[in-house]
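Okay, structure first, notes after.
Chain letters run A, B, ... following the sequence lines, proteins first, then strands; residues in each count from 1. Note that the coordinates shown come from a computational prediction; the quantities given were computed from them, not determined experimentally.
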Amino acid sequence: MLDQKLIRENPTSVEENLSLRGKIFEISHIHELTIKKKEIDIEISCLQSESKKLSKLIGMQISKSHDNNSPEINNLKKKGNEYRIKISEFEEKKRILEKQIHNEIDKLPNFPSKDAPIGKDESDNVQIKKWGNPLKKNNLESHWELGERLNLFDSIKTTKISKSRFVTLKGNGARLERALINFMLDIHSNNGYLELMPPVLVNSESLRGSGQLPKFSNESFKCSNDDLWLSPTAEVPVTAFHRNEIVDPKLLPIKYVAYSSCFRREAGSYGKDTKGLIRLHQFNKVELYWFSDPSKSLEAHKKITADAESILQKLDLPYRLVDICTGDLGFSSSRTFDLEVWLPSSQCYREISSCSNCLDFQARRSSIRSKIDKKNTYLHTLNGSGLAIGRTMAAILENGQLSDGSVKIPDALVPYFGSNFIKTT
RNA sequence: GGAGAGGUGGCUGAGUGGUUGAAAGCGGCUCCCUGCUAAGGAGUUACAGGAGGUAACUUUUGUCGAGGGUUCGAAUCCCUCCCUCUCCGCCA
């Protein structure tokens, strides 16, 4: 959520900043509403002050005269009643305005960082670095072919259970998933992250707090009988974990690693990535999350990205680091670095982690503050996958495939997986 | 899901319509005395928002689970909801 005061006092700069996203954001109507609200705020404050004084006076007089029905007292009461009516009228107006303002501001995305490359869409993203040697050979198997041949997972039969875009992992596939989850959790928690295992059902307020609502209600699954949704990412419950808190500044930065299943409707992506593990309605993810002192979040962003990268390096998976351009930034993010892993079968890099600095955008929506320099200040929140498990599995299968048809397990993972190779059974 | 009990400041806990943001205690902070891994005495100590000031600060509003209502005035009365605890049921 953007700062209401900023919208009130400097609407032009707000519009300019937002327009870096490559779209026009027109906020003059919100600006007017905030001005009106401010006027009413002041009015209410004055009336309340008067009315409060009057009530005290009445109290004093009654206790002095022991008569609460004298003409003078009744006169004062009458006056108080007038205050009450006036105040409630103004409050009603204020309520309506506040609701309108919130509804509108909630739909505005975060400001892009000045450091983010300016651009319209994906094609303007900037590659920052490459790591590892992409496997380039002909006749490579896709991970779904490997998965079927090696009996690692089954998508077809799973449509009976749910529908398309779900998968059932089997045997070594299930084992590999489990190994990856433990591997990643161990590395991060040994690196100063506190492990969290949050619920996957989250309420509307939690989704609003991290920016998925109100604009993206189409992208999450909703429970019909309760105010609960299937969480699209652990970022949602972890942000909500500290909602309405004033965090002890001594605890900063707070670093969490949260494992959870994630659920996405993938509306609008019909026909894309229909095979394999790349785009599922349900997938597992190990998420990194920081609550940071605002003055340190740029540094934190580098660190969280490096922590995510370290997993790819330990697994010896070729990847590149991409600076997301202003037009391609997510709703809540001001700057995002994507990690894209090499998938040999399609000879391209695919997103496996997205590391974002949301500045105070989510903290403001969720009211998460800390007393910094004697003032309650909204914290900065950062999140990054560390990593998406399904896509990591796909990358391991494709990059590790050997000419004899087996798959080599990265050395670092062997203690978790329990074997050096996946072979035909 | 049923029945009951409860939700007050950092904590414990009083407070059933009136100068109550809230007694008392604990804890915290400051000072004094004493002197040594401690005790005693005095004082002080909620939080959040707005406005004004470079600032120390001043001023104002709100807050006793949340939201409504009654009233000139609500921690206190009424309604709705949420949460916690105990018992029963159900269940992993």
Side-chain angles (χ1 to χ4, degrees), chain A residues 1-10 30-31 33-103 105 197-209 213 223-229 237 240-252 260-261 294 360 363-379:
Chain A
M1 185 167 62
L2 301 178
D3 187 357
Q4 193 172 316
K5 196 170 168 187
L6 193 64
I7 291 175
R8 192 176 68 234
E9 290 173 357
N10 205 341
I30 310 178
H31 175 241
L33 292 174
T34 56
I35 296 218
K36 254 190 233 166
K37 200 201 105 190
K38 188 73 200 163
E39 284 165 4
I40 288 176
D41 260 345
I42 292 167
E43 193 69 37
I44 289 177
S45 223
C46 289
L47 286 170
Q48 276 171 334
S49 173
E50 293 299 315
S51 145
K52 219 173 150 174
K53 279 177 200 152
L54 182 67
S55 294
K56 278 189 183 166
L57 181 71
I58 293 173
M60 263 189 286
Q61 302 249 326
I62 289 175
S63 63
K64 238 190 261 168
S65 63
H66 301 289
D67 176 7
N68 62 12
N69 241 335
S70 69
E72 303 92 78
I73 299 273
N74 280 332
N75 232 333
L76 291 176
K77 283 186 184 175
K78 218 167 140 189
K79 209 172 150 196
N81 198 26
E82 282 165 18
Y83 277 128
R84 187 163 59 96
I85 290 165
K86 247 194 218 164
I87 290 171
S88 69
E89 278 170 7
F90 276 113
E91 275 180 338
E92 178 63 19
K93 277 188 203 167
K94 183 180 159 179
R95 248 199 301 275
I96 292 168
L97 278 173
E98 218 153 45
K99 208 174 162 188
Q100 289 176 326
I101 291 169
H102 263 265
N103 285 343
I105 294 186
M197 233 185 248
V200 292
L201 287 176
V202 299
N203 59 36
S204 305
E205 196 46 40
S206 299
L207 281 169
R208 201 198 69 82
L213 286 179
C223 300
S224 57
N225 290 330
D226 300 280
D227 175 32
L228 289 170
W229 306 64
F241 196 50
H242 288 287
R243 188 164 70 235
N244 294 330
E245 283 186 11
I246 296 175
V247 176
D248 182 350
K250 282 186 291 220
L251 302 176
L252 298 177
S260 86
S261 294
D360 65 358
R364 196 181 294 278
R365 286 170 96 89
S366 303
S367 188
I368 302 168
R369 294 172 292 175
S370 202
K371 210 166 214 92
I372 292 166
D373 295 330
K374 293 185 184 172
K375 277 189 77 178
N376 285 324
T377 315
Y378 289 108
L379 293 176

*Evaluate the side-chain proximity of A:H102 to A:K99: yes if any heavy-atom separation is below 4.5 Å, no if none is.*
no
_A:R369 side chain near B:G49 phosphate (N/O to OP1/OP2, under 4.0 Å)_ = yes
*Looking only at atom C1', what distance separates B:G49 and B:U86, rounded to whole Å?*
39 Å
*Using the C1' atoms only, state how far B:A66 lies from B:C82, rounded to an integer number of Å.*
7 Å
*What pairs with A:K53 under side-chain contact (heavy atoms from CB on, under 4.5 Å), at least two apart in sequence or on another chain?*
A:S49, A:E50
*Using a cut-off of 4.0 Å on non-hydrogen atoms, how would the nucleic acid contact of A:G80 be classed: base, sugar-phosphate, or nothing?*
sugar-phosphate
*Taking the side chain of A:N376 as heavy atoms from C-beta outward, which of B:A48, B:U71, B:G18 is closest to it?*
B:A48
*What is the distance, rounded to the nearest whole Å, between atom CG of A:D227 and atom P of B:A66?*
20 Å
*Compare side-chain N and O positions of A:S45 against OP1 and OP2 of B:G50 and report whether any pair is under 4.0 Å apart.*
no
*Pick base, sugar-phosphate or nothing for A:I58, based on heavy-atom distances below 4.0 Å to the nucleic acid.*
base
*Whole angstrom is fine here: how far is it from CD in A:E39 over to P in B:A51?*
14 Å
_Contact between A:N81 and A:R84 at the side-chain level, heavy atoms closer than 4.5 Å - yes or no?_
yes
*asked:* Applying a 3.5 angstrom cut-off to the pairing atoms, does RNA chain B sit in any stems of at least three consecutive Watson-Crick or G-U pairs? List them by first number.
replied: B:1-7 with B:82-88, B:10-12 with B:24-26, B:27-32 with B:40-45, B:46-52 with B:57-63, B:65-69 with B:77-81
*asked:* In the structure I gave you, are the side-chain heavy atoms of A:I101 and A:I7 within less than 4.5 Å of one another anywhere?
replied: no
*Rounded distance (Å) that lies between atom C1' of B:G53 and atom NZ of A:K375*: 13 Å
*Give A:K52 one of three labels, base, sugar-phosphate or nothing, depending on what nucleic acid heavy atoms sit under 4.0 Å from its own.*
sugar-phosphate
_Rounded distance in Å between the C1' positions of B:U20 and B:U76_ = 11 Å
*asked:* For a quick test of reading the model: is some side-chain N or O of A:R95 closer than 4.0 Å to OP1 or OP2 of B:G68?
replied: yes
*Rounded distance in Å between the C1' positions of B:A5 and B:G67*: 23 Å
_Distance, rounded to the nearest Å, where A:E43 contributes CD and B:U60 contributes P_ = 17 Å
*A:I62 side chain, from C-beta outward: closest of B:G18, B:U61, B:U19*: B:G18
*Atom CD1 of A:I42 to atom C1' of B:G49: distance rounded to whole Å?*
14 Å
*Which residue lies more 5' along RNA chain B, comparing A:E50 with A:K5 via nearest heavy atoms*: A:K5
*Take atom CD of A:E91 and atom C1' of B:G67, then tell me their distance rounded to the nearest Å.*
13 Å
_Close side-chain approach of A:E98 to A:Q4, heavy-atom, < 4.5 Å_ = no
*Who passes side-chain contact (heavy atoms from CB on, under 4.5 Å) against A:K78, sequence neighbours left out?*
none
*asked:* If you define the side chain from C-beta out and look only at heavy atoms, does anything of A:R369 sit under 4.5 Å from A:T377?
replied: no
*For nucleotides B:U80 and B:U70, find the distance between their C1' atoms and express it as a whole number of Å.*
15 Å
*Between B:A75 and B:U19, how far apart are the P atoms? Round to whole Å, please.*
10 Å
*Find out whether A:W229 and A:L213 are in side-chain contact, i.e. whether some heavy atom of one side chain is under 4.5 Å from a heavy atom of the other.*
yes
*Pick the P atom in B:A22 and in B:U60, then give their distance to the nearest Å.*
15 Å
*Same-atom distance (P) from B:G40 to B:A56, integer angstrom*: 37 Å
*Between A:L47 (CG) and B:G62 (C1'), how many Å, whole number?*
15 Å
*Starting from the 5' end of RNA chain B, give me the residue, A:K78 or A:M60, whose nearest nucleotide shows up first.*
A:M60
*Counting side-chain heavy atoms from CB outward, which of B:C72, B:U61, B:G50 is closest to A:S49?*
B:U61
*Can you figure out which of B:U60, B:G49, B:C72 approaches the side chain of A:N81 most closely?*
B:C72
_Between A:R95 and A:E92 (salt bridge meaning N to carboxylate O under 4.0 Å), is one present in this structure?_
yes
*When all nucleic acid strands are considered with a 4.0 Å heavy-atom cut-off, which category describes A:K77: base, sugar-phosphate, or nothing?*
base
*B:A51, B:G21, B:C72: which one has an atom nearest the side-chain heavy atoms of A:R8?*
B:A51
*How would you label the contact of A:I246 with the nucleic acid (heavy atoms, under 4.0 Å): base, sugar-phosphate, or nothing?*
sugar-phosphate
*Reckon A:K79 touches a base, only the sugar-phosphate, or nothing at all at heavy-atom distances under 4.0 Å?*
nothing
*Rounded to whole angstroms, how far apart are CD1 on A:I87 and P on B:U61?*
11 Å
*Do the side-chain N or O atoms of A:K371 get closer than 4.0 angstrom to the phosphate oxygens (OP1, OP2) of B:A48?*
yes
*Using a cut-off of 6.0 Å, state whether more than 12 heavy atoms not belonging to A:D373 lie near its atom CG.*
no
*Taking the side chain of A:Q48 as its heavy atoms from C-beta onward, which of B:C72, B:G62, B:G50 lies nearest to it?*
B:G62
